[in-house]
Chemist: 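So that we are looking at the same thing, I have put the structure below in structure tokens.
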Amino acid sequence: MLADALEHLVQGIVAHPDDVDVRDRTLRRGRMLEVRVNPEDIGKVIGRQGRTATALRTVMSALSGPEQVRIDFVDVDRRGFRRH
């Protein structure tokens with residue numbers, strides 16, 4: 001549910017919504033949502049001085065309740081983007 005909500009929010013921000021991919025990973029220290037976007041959209045997702053990214057993290061924190069969720073924004077060129 002959290003990954004779907006985050007994907008929906010990010011798709012509303014970016015110019016290339018079809019390139020948005022949110023991966024839900026379970027790590028030793030908790031859960032991580034990895035957001036991959038088109039390289040042209042990374043600035044929109046992060047925002048000026050990180051304000052948009054901070055706002056997205058705040059919303060996801062409120063939705064997750066007591067569960068700790070880390071959110072990582074990734075430029076698709078940086079880690080070899082593959083669409084599933």
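Keep in mind that the numbers below use all heavy atoms, side chains included, and drop hydrogens, waters and symmetry copies. For this chain, numbers begin at 1 and follow the sequence in order.
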Chemist: Going from CG on L6 to CD on E34, what distance comes out if it is rounded to the nearest 0.5 angstrom?
Modeler: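 Separation between the atoms: 11.5 Å.
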Chemist: Any heavy-atom pair between the side chains of I71 and V35 that's under 4.5 Å?
Modeler: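 Of all side-chain heavy-atom pairs linking I71 with V35, at least one is under 4.5 Å.
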Chemist: State, yes or no, whether a side-chain contact exists between V45 and V14 at a heavy-atom distance under 4.5 Å.
Modeler: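 Yes; the side chains approach each other to less than 4.5 Å.
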Chemist: Quick check on H16: does its NE2 atom have over 12 non-hydrogen neighbours (other residues, nucleotides or ligands) under 6.0 Å away?
Modeler: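 More than 12 within 6.0 Å, yes.
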Chemist: Can you tell me which residue among V10, D21, I13, V74 is in a side-chain contact (heavy atoms from CB on, under 4.5 Å) with V37?
Modeler: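 So the option named by the test is V10.
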Chemist: Give, for atom CD of E7 and atom CZ of R23, the distance between the pair rounded to the nearest 0.5 Å.
Modeler: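 CZ of R23 is found 11.5 Å from CD of E7.
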Chemist: Mind checking whether R31 and E67 have side chains closer than 4.5 Å, heavy atoms only?
Modeler: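 Yes, close enough: below the 4.5 Å cut-off.
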Chemist: If every non-hydrogen atom of T52 is compared with every non-hydrogen atom of G47, which pair is closest and at what distance?
Modeler: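 Nearest heavy atoms, T52 then G47: OG1-CA, 3.5 Å.
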Chemist: Supply the atom-to-atom distance T58 OG1 to L63 CG, rounded to the nearest 0.5 angstrom.
Modeler: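 Output value for this atom pair is 11.0 Å.
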Chemist: Quick one: pull up CE in M1 and CG in D24 and give me the separation to the nearest 0.5 Å.
Modeler: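 Between M1 CE and D24 CG, I get 11.5 Å after rounding to 0.5 Å.
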Chemist: Measure the shortest side-chain to side-chain distance between L33 and M60 over non-hydrogen atoms and say whether it is less than 4.5 angstrom.
Modeler: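 Of all side-chain heavy-atom pairs linking M60 with L33, at least one is under 4.5 Å.
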Chemist: Atom CZ in R57, atom OG in S64: separation rounded to 0.5 Å?
Modeler: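 Here the interatomic distance stands at 13.0 Å.
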Chemist: Any side-chain heavy atom of D19 sitting closer than 4.5 Å to one from D41?
Modeler: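 Counting from C-beta outward, D19 and D41 never come under 4.5 Å.
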